[in-house]
Amino acid sequence: MVKTLYIIILLLVSIVGCSNQEGEQVNIEFENKLIVEKHTGTECQYVQIKEITERETVDIVYKIFKNARWEGASDKSTYPDFRINDNYAIWILLPDNRIKMRIESLDKNTFLSEKDSKTLYKIMTDEKLVDYIH
């Protein structure tokens, strides 16, 4: 009986511990268009590469943002590779083919799954993530 109770408590603790490590969902402010800017390689200079106004595409991007698990932001040592609407900072992580994102206004960051990273990159640039060169 004690052994069974111990196992149940251990399982509950591990489930709660795992769910706490996943981060949190945050309220994302929806905007009707997305302005995508790419870092030029010079200090904090960016150039607009795309304006996305198609509702279906905007919805896909915000769904990715909404479903991400966000945590407190960490280092800000390098300039983001891309920005969206001056509020979302985006770094391309190679060779992992993943994206790290930060919501500037909330000071939260996340690492997108490889699938979501590829989808977001394709929407932002019309290119495949594996073709990205710094």
Side-chain angles (χ1 to χ4, degrees):
M1 176 70 174
V2 173
K3 191 174 186 179
T4 305
L5 182 60
Y6 176 74
I7 291 173
I8 291 172
I9 291 172
L10 184 61
L11 286 173
L12 288 174
V13 168
S14 66
I15 290 171
V16 170
C18 291
S19 66
N20 286 341
Q21 294 174 358
E22 292 179 5
E24 63 182 281
Q25 289 185 312
V26 297
N27 290 328
I28 304 291
E29 291 184 33
F30 184 86
E31 297 181 48
N32 291 322
K33 71 177 176 181
L34 303 173
I35 305 296
V36 180
E37 297 175 309
K38 183 175 183 177
H39 189 248
T40 63
T42 306
E43 296 272 327
C44 60
Q45 294 181 5
Y46 290 82
V47 61
Q48 181 177 327
I49 60 168
K50 195 169 188 181
E51 182 174 316
I52 303 168
T53 57
E54 182 183 303
R55 179 64 183 219
E56 183 178 313
T57 305
V58 172
D59 287 346
I60 291 169
V61 171
Y62 278 107
K63 183 179 179 185
I64 290 171
F65 292 177
K66 184 176 182 276
N67 290 336
R69 303 304 290 181
W70 299 90
E71 299 176 351
S74 58
D75 84 59
K76 302 176 184 179
S77 60
T78 62
Y79 292 106
D81 298 309
F82 296 90
R83 296 188 312 197
I84 296 179
N85 292 0
D86 287 327
N87 190 34
Y88 302 97
I90 298 168
W91 289 265
I92 308 302
L93 305 177
L94 297 176
D96 300 332
N97 291 329
R98 292 186 61 196
I99 286 178
K100 174 185 174 185
M101 285 187 54
R102 182 173 64 238
I103 303 175
E104 302 285 6
S105 63
L106 299 177
D107 205 27
K108 299 280 186 184
N109 70 2
T110 191
F111 293 89
L112 298 180
S113 68
E114 187 173 348
K115 178 184 175 203
D116 285 345
S117 295
K118 288 178 179 180
T119 301
L120 180 59
Y121 188 80
K122 178 73 172 167
I123 289 170
M124 290 188 319
T125 66
D126 294 322
E127 298 173 356
K128 292 182 178 181
L129 182 56
V130 294
D131 297 333
Y132 179 75
I133 300 172
H134 278 276

Inset, instruction - For the pair L129 and R98, evaluate side chain to side chain contact (heavy atoms under 4.5 Å, CB included) and give the outcome as yes or no after the intermediate values. - result: CA-CA 8 Å; L129 182 56; R98 292 186 61 196; over 6 Å; no

Is there a continuous path of hydrophobic side-chain contacts, each under 4.5 Å between heavy atoms, that joins [X] to [Y]?
X	Y	result
I103	F30	yes
I35	I52	no
I92	Y88	yes

Which distance, rounded to the nearest 0.5 Å, do you find between the [atom1] of [X] and the [atom2] of [Y]?
X	Y	atom1	atom2	result
I123	I60	CD1	CD1	5.0 Å
L112	N97	CG	CG	12.5 Å
W70	N109	CH2	CG	8.0 Å
E37	N85	CD	CG	8.5 Å
N87	L106	CG	CG	7.0 Å
I64	M101	CD1	CE	8.5 Å

Inset, instruction - List for me each residue that meets side-chain hydrogen bond (donor to acceptor under 3.5 Å, both in side chains) alongside N32, sequence neighbours excluded, and say none if there are none. - result: none

Inset, instruction - Evaluate the side-chain proximity of Y62 to L34: yes if any heavy-atom separation is below 4.5 Å, no if none is. - result: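 Yes, their side chains come closer than 4.5 Å.
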
Legend entry - All pairs passing ring-ring contact (aromatic ring centres under 6.0 Å, His included) where residues 101-120 contributes a residue, at least two apart: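 Listed once each, the pairs would be none.
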
Inset, instruction - Taking atom CD of Q48 as the centre, report whether more than 12 heavy atoms of other residues, nucleotides or ligands fall under 6.0 Å from it. - result: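 Yes - once you tally the heavy atoms of other residues, nucleotides and ligands closer than 6.0 Å, there are more than 12.
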
Legend entry - Test log, rule side chain to side chain contact (heavy atoms under 4.5 Å, CB included), inputs F82 and I49: CA-CA 10 Å; F82 296 90; I49 60 168; 3.8 Å; yes

Inset, instruction - In plain terms, say whether D59 and R55 are close enough for a salt bridge, that is, a side-chain N and a carboxylate O under 4.0 Å apart. - result: yes

Legend entry - Residue from M124, K118, K122 passing side chain to side chain contact (heavy atoms under 4.5 Å, CB included) with L120: M124

Inset, instruction - Could you tell me which non-hydrogen atom of W91 sits nearest to which non-hydrogen atom of P80, and how far apart they are? - result: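 Heavy-atom minimum between the residues: NE1-CA, 3.4 Å.
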
Inset, instruction - Just jot down the salt bridge (Lys or Arg N to Asp or Glu O under 4.0 Å) partners of K33, sequence neighbours excluded, or say none. - result: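 Salt bridge (Lys or Arg N to Asp or Glu O under 4.0 Å) list for K33, sorted by chain: E51.
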
Legend entry - Heavy-atom donor-acceptor pair, Y121 side chain to I99 backbone, under 3.5 Å: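 Pair absent, no side-chain N/O of Y121 close to backbone of I99.
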
